[in-house]
**Student:** 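The structure that follows is given in the form of structure tokens.
Only heavy atoms go into these numbers, but all of them, side chains included; no hydrogens, no water, no symmetry mates. Fair warning: this is a prediction, and the values are worked out from it, not measured in the lab.
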Number of protein chains: 2
Amino acid sequence: MATGRTHRPATRSRGIPEATVARLPLYLRALTALSERSVPTVSSEELAAAAGVNSAKLRKDFSYLGSYGTRGVGYDVEYLVYQISRELGLTQDWPVVIVGMGNLGAALAGYGGFASRGFRIAALIDADVQLTGRLIAGLPVRHADELEGIVEDNQVSIGVITTPAGAAQEVCDRLVAAGVTSILNFAPTVLTVPDGVDVRKVDLSIELQILAFHEQRKAGEELESSLTAPPVAAKAVRDGGRRPGPDGDVPAVMPA
Amino acid sequence: MATGRTHRPATRSRGIPEATVARLPLYLRALTALSERSVPTVSSEELAAAAGVNSAKLRKDFSYLGSYGTRGVGYDVEYLVYQISRELGLTQDWPVVIVGMGNLGAALAGYGGFASRGFRIAALIDADVQLTGRLIAGLPVRHADELEGIVEDNQVSIGVITTPAGAAQEVCDRLVAAGVTSILNFAPTVLTVPDGVDVRKVDLSIELQILAFHEQRKAGEELESSLTAPPVAAKAVRDGGRRPGPDGDVPAVMPA
DNA sequence: CCATCTTTGTGCACGCGTTCACAAAGACAT
DNA sequence: ATGTCTTTGTGAACGCGTGCACAAAGATGG
């Protein structure tokens with residue numbers, strides 16, 4: 001999962017398992033699509049297929065929310081949309097600030113999936129004065145100096161960080177100090193936050209690396225021989241730690 | 001986890017648990033930073049802190065790769081960088097195509113984290129003829145008609161989909177037919193792929209929804225009374241759930 | 001060469017999440 | 001009403017992942 005919780009050992013919130021919470025948005029999306037097609041009811045089997053999960057898992061997930069289905073029939077689409085929305089807190093609107101108006105920040109600012117789910121962009125923020133005032137997705141970019149004021153005035157509790165890695169921790173600290181208690185971090189850094197603040201991170205390059213691992217494995221299964229050397233013998237060699245230029249050429253280290 | 005595996009029940013690849021694989025890029029990033037500061041060795045405790053994980057977990061993760069540490073000393077930074085890179089398959093270079101040159105696609109095209117880890121953008125592709133030939137991050141946008149040719153000529157095995165949801169499945173099918181076996185999907189849809197093809201998805205709005213859930217819970221703990229009604233009784237009551245605002249009124253629907 | 005001190009590598013136990021499989025519940029027809 | 005048929009909701013078993021706690025390994029100093 002590109003995704004990843006940072007702190008806290010997967011607490012079970014109000015009896016709803018973390019894993020279930022993470023799937024609710026998936027169900028919600030599938031249900032919304034059904035709703036738009038005016039489908040009145042759906043069985044766990046059908047909905048599970050649409051959401052890409054096992055039907056038993058889906059039923060168990062829903063059982064944590066309550067008994068919302070009708071045996072022999074299935075689930076009422078509209079009703080379930082409402083229940084899940086309420087459970088996720090999407091029936092209220094959440095002001096959000098996005099800090100860092102590079103390509104990614106701009107992309108998020110224009111992302112339709114936010115507004116339609118109760119998230120309202122309270123402000124776009126960047127430290128570059130060149131950008132101040134410029135319109136992105138119809139909203140003016142505000143300068144980083146205004147960060148604290150914006151957060152407090154709008155009662156912002158969710159912040160999105162799309163700055164370069166170097167600036168992320170400082171921005172995070174300022175957001176938290178101003179009252180933000182949930183952070184979505186796109187910068188490739190580990191953020192340190194006080195207790196009570198949730199951080200979720202999305203790292204684009206990590207996802208690709210995981211794919212590369214599996215891809216390599218697939219390729220390796222066909223050849224299955226070459227230098228898939230035993231890692232055990234490696235230990236003895238232990239090179240003198242020559243370190244090449246930045247961003248490294250491959251070390252000529254070669255176990256065994 | 002923003003991330004999410006789509007298919008396959010968490011196979012254990014070559015003895016390395018999925019969860020460990022997902023953390024390797026994290027360690028690699030922390031190690032690269034140490035390497036740039038010319039730190040020769042690092043203990044599991046220090047590295048774990050830098051990567052934001054438990055030190056016992058880190059040691060266990062490394063133990064799946066082999067015995068690369070020295071007791072009483074720690075791990076050789078350069079050596080470990082190389083071993084992890086090799087394990088993840090980052091010592092070879094992976095041609096990647098990005099399909100869908102909207103804001104997000106453009107952001108990814110310009111993302112530095114790719115090139116520095118062995119991913120080479122083979123082509124940027126979009127269906128809009130208006131975009132064809134235009135330069136994004138120094139690369140010319142190619143038309144979707146060329147997709148199959150590009151994939152085959154460059155032996156591309158990894159594809160990134162940043163199209164609108166409606167186009168994603170078709171693009172996916174074409175990529176797979178042309179030879180792609182790993183897909184990173186940013187479109188908010190469930191992709192169906194044949195066996196042997198890996199899909200990872202990143203859904204920006206899902207992450208926010210998970211944060212909203214926890215945020216709501218935090219807010220609810222202080223008031224802890226109002227309509228946090230027991231879901232059991234709810235069934236009978238089944239409120240007429242008025243939900244204001246655009247984007248669909250709330251179902252006055254009521255099963256049973 | 002021996003003693004001490006640091007840090008790894010891992011056996012073990014525990015808890016969460018997943019899946020199976022089935023009884024209970026309700027719709028629907030007769 | 002009664003029986004059949006569909007689909008939910010969940011008890012129970014299993015497997016993976018996590019974290020503790022410690023023995024083994026090696027470095028370092030005398």
**Student:** Using only heavy-atom distances, decide whether a donor-acceptor pair under 3.5 angstrom links the side-chain of B:Arg71 to the base of C:dT8.
**Tutor:**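 Indeed there is one.
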**Student:** Using whole Å, what does the distance between atom C1' of nucleotide D:dG19 and atom CZ of B:Arg23 come to?
**Tutor:**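 Going from CZ in B:Arg23 over to C1' in D:dG19 covers 12 Å.
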**Student:** Any base atoms under 4.0 Å from A:Tyr75, or only sugar-phosphate, or nothing? Heavy atoms, all strands.
**Tutor:**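 Counting heavy atoms under 4.0 Å across all strands, the contact made by A:Tyr75 is with sugar-phosphate only.
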**Student:** Expressed as a whole number of angstroms, how long is the span from B:Leu58:CG to D:dG17:P?
**Tutor:**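 About 16 Å, once rounded to whole Å.
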**Student:** Using the rule ring pair (Phe, Tyr, Trp, His ring centres under 6.0 Å), only one of B:Tyr27, B:Tyr82, B:Phe62 pairs with B:Tyr75; which is it?
**Tutor:**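 Single pass found, and it is B:Phe62.
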**Student:** May I ask you to evaluate whether B:Thr70 reaches the phosphate of D:dG26, defined as a side-chain N or O under 4.0 Å from OP1 or OP2?
**Tutor:**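 B:Thr70 to D:dG26 OP1/OP2: no side-chain N or O under 4.0 Å.
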**Student:** Is it true that the side chains of A:Arg59 and A:Ser44 contain a donor and an acceptor less than 3.5 Å apart?
**Tutor:**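 Distance-only check passes for A:Arg59 and A:Ser44.
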**Student:** For B:Glu18 and C:dC16, what is the distance between atoms CD and P respectively, to the nearest whole Å?
**Tutor:**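 Distance, rounded to whole Å: 22 Å.
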**Student:** Side-chain N or O of A:Ser44 less than 4.0 angstrom from OP1 or OP2 on D:dT8?
**Tutor:**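 Answer yes for this pair, as a side-chain N or O of A:Ser44 is under 4.0 Å from OP1 or OP2.
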**Student:** Do A:Asp198 and A:Ser182 have side-chain N/O donor and acceptor atoms under 3.5 Å apart?
**Tutor:**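 Short answer, no.
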**Student:** Between B:Gln209 and B:Ser205, do the side chains contain a donor N or O and an acceptor N or O under 3.5 Å apart?
**Tutor:**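 The criterion, which ignores hydrogens and geometry beyond distance, is satisfied for B:Gln209 and B:Ser205.
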**Student:** Send over the distance from B:Phe62 CZ to C:dG9 P, rounded to a whole Å.
**Tutor:**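 In whole Å, C:dG9 P and B:Phe62 CZ are 10 Å from each other.
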**Student:** In this structure, how many angstroms lie between the P atom of D:dT8 and the CG atom of A:Asp61, rounded?
**Tutor:**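 For the pair A:Asp61 CG and D:dT8 P, the rounded distance is 14 Å.
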**Student:** Let me know the distance between NZ of A:Lys60 and P of C:dC16, rounded to the nearest Å.
**Tutor:**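 Those two atoms, NZ and P, are 14 Å apart.
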